[in-house]
Each structure stands twice: as C-alpha cells, then as structure tokens.
Amino acid sequence: MAKLKIVGGRPITMDEAIELRQTVFGSAASPPRGEWTRTGFTFGPANQEYPYGLRTPRNATRGMQSVIQAHIIKQFIFDNKPRDKSVPLEELLKPNEAEQALSLYTAMSDILWNIGEKAKAIVALPGEASHIPHSHVYFQDNVTEKLYFFEFTKLDDLQIFMKRYLPYFTENPGPGTLLYLYSAVLTRGMENMRNDLDAPKGAHLMGPHEEGSLNVITLLLTGRATPYLHNGVVYVGDEDHYAVPQFGILSRGAIGLLVWEGENEAMRSASRMPGSRLKTPATPVWVSCCCGHYGVLFNSNRELLRNYHAEKRFELHYYTCAGCYLSMTVDNRGQDEGGGDNGDQDGDRKRDDMVSTPLERLIHTKWMDAKITYHGALPASLNF
C-alpha cells in the first residue's frame with residue numbers, strides 16, 4: 001500500500017519541536033533513541049501463526065505497541081460480534097490483511113480519541129521538507145522537524161484520516177511508532193503532560209527503560225500519563241510538609257494492567273501497584289509488565305470479571321509482540337476448599353513462589369492463590 005502525499009495540516013514551529021522533544025525524550029539538543037525513528041507497526045503474515053499479533057523487536061517501542069495490541073485483541077474477540085456465538089477463539093483471531101489494517105487504525109483512533117477526552121485528537125505526520133534548521137538547541141532527527149499537525153473534533157473524521165495515511169505508521173523501517181507517540185502527547189497537551197508526570201522540572205515521558213516507560217502505558221490506557229497506579233487521588237505528606245495529591249487511576253477502563261517487577265517488587269511504593277480499576281477492567285484483556293517486559297493477557301469470556309463462578313477455573317492466553325504465544329489454565333478452586341493446617345498452606349505457598357515463573361508471579365497479583373498449568377512447553381523466547 002503506497003503512502004499518499006499529505007495534504008493540509010499546520011507545520012510545526014521551532015518552539016513546538018523543542019518542547020515536544022523535551023517532553024518525550026528529555027532533550028532537543030541530542031537525538032532521540034534511534035528505534036523510535038525506525039520501528040513501524042507491523043503484523044505477522046495473515047496466512048501464518050498469530051495473524052492478530054503485532055511484531056516488533058525488543059526495544060523501547062514494545063510497551064506502547066503492547067497497548068495497541070491489547071486493543072486489537074479486544075476488537076477481534078469482543079467488538080466484532082459474530083452472528084454465531086459458538087465461533088471458537090482461534091477463528092476470531094484469524095484476520096485477513098484488510099481486517100488487520102482495520103483493527104490497527106481503529107485501535108489507534110480510539111486510543112487518541114480517549115486521550116483527547118472524546119472531544120479532539122491531533123495527528124502528526126511528516127512532510128518532505130524540514131521546517132527547522134539544525135542548531136545547538138535543536139538536533140535534527142529527520143522526523144520531528146518535518147511534522148505537520150492535523151486536528152480532529154469528530155471520531156469518524158479521525159478514523160477516515162488514519163485509514164488513508166496508515167502506511168506512514170506501518171512502514172518498516174520507518175518512524176510510525178514515533179509519529180503515534182507524538183500524536184498521543186500532542187492530543188493530551190504539553191501542560192497536561194507535565195502535570196500528569198508530577199515530577200521535577202525537566203522530567204520526561206520516556207526514561208531509560210528497555211521496553212518503554214509505564215508512563216507511556218498509562219497515557220495510552222487511561223488518557224493521562226500518570227506514574228501512579230492506585231485508584232483515585234491519594235494525599236501524601238508528613239508533619240513537615242503539606243499533603244499533596246497524587247492522581248492515580250480515576251476510572252475503570254476497557255483494558256487493564258498487571259505489573260510484577262521481580263526482585264524489586266518489595267521495594268515498590270503502594271502508588272506503583274495497580275489498584276482494582278486496572279486489575280479489573282471492563283473486558284478480560286490486560287497489558288502486562290513482567291520484570292520490565294511487556295505482553296498481553298486475555299480471555300474470551302466477558303463474564304470472567306462479572307461472575308465469581310467464572311473465575312474458579314478458566315483459560316488465559318498470553319501474547320508478546322515478539323510473536324510469542326502461551327496458553328494456560330488458571331484454577332482458583334483451591335482457595336475455596338479449605339482444610340489442612342494454615343502453616344502447611346503458607347509453607348506450600350512459599351515453596352510455590354520459589355519455583356514460580358515470573359509470569360505466574362504476575363498472574364498471582366490478580367489471582368493470589370491460583371494454580372497455573374501451562375499448555376505445552378514454555379516458548380524459548382519467553383525470557384524475563
């Protein structure tokens with residue numbers, strides 16, 4: 001699919017380019033991390049395994065791509081309602097190329113529309129000529145200085161635009177992930193971004209994380225780039241300082257977030273642990289961050305999060321943008337059966353924790369005492 005020449009839009013200014021680069025990467029005087037200018041959104045082949053899955057190298061774009069992947073999976077399972085409810089999950093997740101493209105631009109549009117509070121969205125696309133010269137305050141990256149901004153106040157118009165210019169985002173190698181991240185930041189607004197991050201002057205969205213910052217995840221999942229994962233607003237202070245508000249997750253969204261940080265887990269503050277609004281989303285689809293590595297967990301039963309009985313024993317699926325897939329059975333019935341000495345139970349749990357995989361430990365943050373049985377061998381690419 002050929003890229004159309006962009007028509008219209010407003011060219012970026014010098015001040016906007018500097019502010020955008022500083023907000024996202026921390027500096028305009030040095031180049032951004034290179035993977036952002038050479039990683040697009042790419043599906044696996046439609047006629048091979050996991051055609052619903054995006055594929056990306058292990059780099060800083062993977063966290064953001066995992067959020068879009070979660071939205072794509074949600075679409076295929078829950079939004080594209082088949083007439084026959086008995087259609088198996090494997091069939092729901094077998095899109096052709098046209099359905100892949102539709103799911104991608106729909107997911108990207110919906111996320112931007114949510115960030116813009118369902119009132120507006122801004123999309124950034126590059127033209128051919130640079131608007132801003134290379135200087136000691138601005139280091140050219142061959143993308144930011146060429147941007148045009150397009151603003152939308154209707155979701156339908158945004159979707160039509162994203163469909164028309166989708167090749168700008170899917171070109172690989174290409175800057176599609178950077179264009180989308182810029183669009184999300186511009187839609188949220190620079191001042192709102194700074195307030196969201198709630199950090200000292202000079203703080204930026206990205207950070208040093210190998211697969212991307214949780215701030216990017218919360219921006220795309222909730223519309224706000226908050227570092228706080230607890231429910232609602234918590235006031236933090238002590239006898240020497242006034243209590244100040246930390247704005248966490250203000251409402252329950254369609255897609256959740258589960259986090260387990262490995263050996264650092266005990267060091268985390270309560271504000272960095274997902275609250276119930278992230279653990280129990282509207283649909284059983286979660287972005288997962290396990291020891292800094294991102295994936296998507298999902299189940300095809302919408303009743304899973306509404307019906308206590310549905311949680312007793314169910315199938316859970318895991319996909320990463322490395323093209324890695326794993327299925328498992330989660331069995332919560334043990335915690336209902338009781339019996340035995342509590343000391344023995346605690347001892348068993350400690351022994352289980354010692355041999356549990358990181359992914360199991362992550363799942364236990366939602367289903368604490370579940371027994372997890374993998375179907376088949378663990379993929380070699382599943383390393384944390």
Side-chain angles (χ1 to χ4, degrees), residues 39-59 61-80 82 87-97 99-104 107 170 172 210-212 217 255-260 281 283-302 304 313-331 356-367 370-384:
T39 307
F41 295 98
T42 307
F43 281 99
N47 59 353
Q48 294 183 17
E49 278 189 318
Y50 322 129
Y52 61 88
L54 297 172
R55 307 293 170 86
T56 183
R58 176 165 282 174
N59 63 31
T61 74
R62 189 175 284 183
M64 184 179 78
Q65 297 219 34
S66 297
V67 179
I68 293 172
Q69 178 68 73
H71 277 264
I72 288 169
I73 288 172
K74 170 183 162 287
Q75 278 184 51
F76 286 139
I77 298 176
F78 298 108
D79 300 343
N80 304 339
V87 174
L89 179 63
E90 299 76 39
E91 292 302 313
L92 294 175
L93 294 176
K94 275 190 178 175
N96 57 35
E97 286 187 12
E99 290 166 335
Q100 287 178 332
L102 171 63
S103 70
L104 180 57
T170 57
N172 206 16
E210 181 186 6
E211 294 190 14
I217 307 305
I255 290 168
L257 173 67
L258 298 178
V259 178
W260 190 69
T283 56
V285 181
W286 296 264
V287 175
S288 64
C289 180
C290 188
C291 303
H293 301 303
Y294 290 96
V296 180
L297 287 159
F298 59 98
N299 172 276
S300 59
N301 181 9
R302 192 185 285 271
L304 180 67
R313 189 174 187 273
F314 59 93
E315 301 303 298
L316 197 59
H317 307 270
Y318 179 70
Y319 179 80
T320 77
C321 293
C324 165
Y325 169 80
L326 182 63
S327 67
M328 65 203 86
T329 299
V330 179
D331 192 337
S356 293
T357 65
L359 184 59
E360 289 173 67
R361 301 290 290 277
L362 176 128
I363 293 168
H364 284 152
T365 66
K366 166 68 177 169
W367 295 283
K371 179 182 178 184
I372 298 163
T373 306
Y374 296 117
H375 303 165
L378 292 180
S381 57
L382 188 68
N383 55 351
F384 297 106

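Bear in mind the structure is a predicted one, so any value in this text is a computation, not a measurement.
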With no hydrogens and no angle check, do the side chains of His293 and Thr320 hold a donor and an acceptor under 3.5 Å apart? no

With sequence neighbours excluded, residues passing side chain to side chain contact (heavy atoms under 4.5 Å, CB included) with Leu102: Tyr105, Thr106

Look at the side chain of Ser288 and the backbone N and O of Cys290, then say whether any donor-acceptor pair between them is shorter than 3.5 Å. no

For residues Asp331 and Thr373, determine if any side-chain heavy atom of one lies less than 4.5 Å from a side-chain heavy atom of the other. no

Output, in order, the C-alpha distance, side-chain angles, deciding distance and verdict of side-chain contact (heavy atoms from CB on, under 4.5 Å) for Val330 and Arg313. CA-CA 6 Å; Val330 179; Arg313 189 174 187 273; over 6 Å; no

Side chain proximity check, Leu362 to Tyr318, heavy atoms < 4.5 angstrom: no

Heavy-atom pair with the smallest gap, counting every atom of Ala322 and Arg62: CB-NH2, 3.7 Å

Within this structure, what is the CD-OH distance for the pair Gln69 and Tyr52, rounded to the nearest 0.5 Å? 7.0 Å

Can you give me the closest heavy-atom contact between Ala70 and Val285, atom names plus distance? O-CG1, 3.7 Å

Please tell me if the side chains of Ile255 and His71 come closer than 4.5 Å, counting only heavy atoms from C-beta onward. yes

Mind checking the NZ-CD spacing from Lys371 to Glu360? Nearest 0.5 Å is all I need. 11.0 Å

Taking Gln75 for the side chain and Ser103 for the main chain, is one N or O donor matched with an acceptor at less than 3.5 Å? yes

Are any of the side-chain heavy atoms of Leu89 and Phe76 separated by less than 4.5 Å? no

Going by the rule side-chain hydrogen bond (donor to acceptor under 3.5 Å, both in side chains), which residues pair with Thr42 if we only count those two or more places apart in sequence or in a different chain? Asn172

Checking Tyr294 now: which residues fulfil side-chain hydrogen bond (donor to acceptor under 3.5 Å, both in side chains) with it, not counting sequence neighbours? none

Close side-chain approach of Arg361 to Thr365, heavy-atom, < 4.5 Å: no

Determine, step by step, whether Arg58 and Glu210 satisfy the side-chain contact (heavy atoms from CB on, under 4.5 Å) criterion, reporting the C-alpha distance in whole Å, the side-chain angles of both residues, the deciding distance to 0.1 Å, and the verdict. CA-CA 8 Å; Arg58 176 165 282 174; Glu210 181 186 6; 3.3 Å; yes

Set out, in order, the CA-CA distance, both residues' side-chain angles and the distance that settles side-chain contact (heavy atoms from CB on, under 4.5 Å) for Val296 and Trp286, then state yes or no. CA-CA 6 Å; Val296 180; Trp286 296 264; over 6 Å; no

Glu211 side-chain N/O to Asn59 backbone N/O, donor-acceptor pair under 3.5 Å: no

Start with the C-alpha gap between Ser66 and Tyr319, add the side-chain angles, then the distance that decides, and say whether side-chain hydrogen bond (donor to acceptor under 3.5 Å, both in side chains) holds. CA-CA 9 Å; Ser66 297; Tyr319 179 80; over 6 Å; no

Nearest 0.5 angstrom please: Cys321 SG to Met64 CE, how far? 10.5 Å

Please report the shortest heavy-atom distance between Gly63 and Ile217, naming the atom on each side. O-CD1, 3.2 Å

Within-4.5 Å side-chain heavy-atom neighbours: Leu359 and Tyr374: yes

Considering non-hydrogen atoms only, spot the tightest contact between Pro95 and Ala46 and give its length. O-CB, 3.8 Å

Please state whether the rings of Phe298 and His317 are parallel, tilted or perpendicular, taking 30° and 60° as the class boundaries. parallel

Any heavy-atom pair between the side chains of Glu97 and Phe43 that's under 4.5 Å? no

Taking C-beta and beyond as the side chain, do Tyr325 and Glu49 meet within less than 4.5 Å on heavy atoms? no

What's the separation between atom CG in Leu92 and atom CZ in Phe78, rounded to the nearest 0.5 Å? 9.5 Å

N/O donor-acceptor pair under 3.5 Å between Glu99 side chain and Asn96 backbone: yes

Distance col, row His375:NE2 vs Thr329:OG1, nearest 0.5 angstrom, shows 2.5 Å

Please round to the nearest 0.5 Å and tell me the distance separating atom CG of Leu54 and atom CD1 of Ile73. 8.5 Å

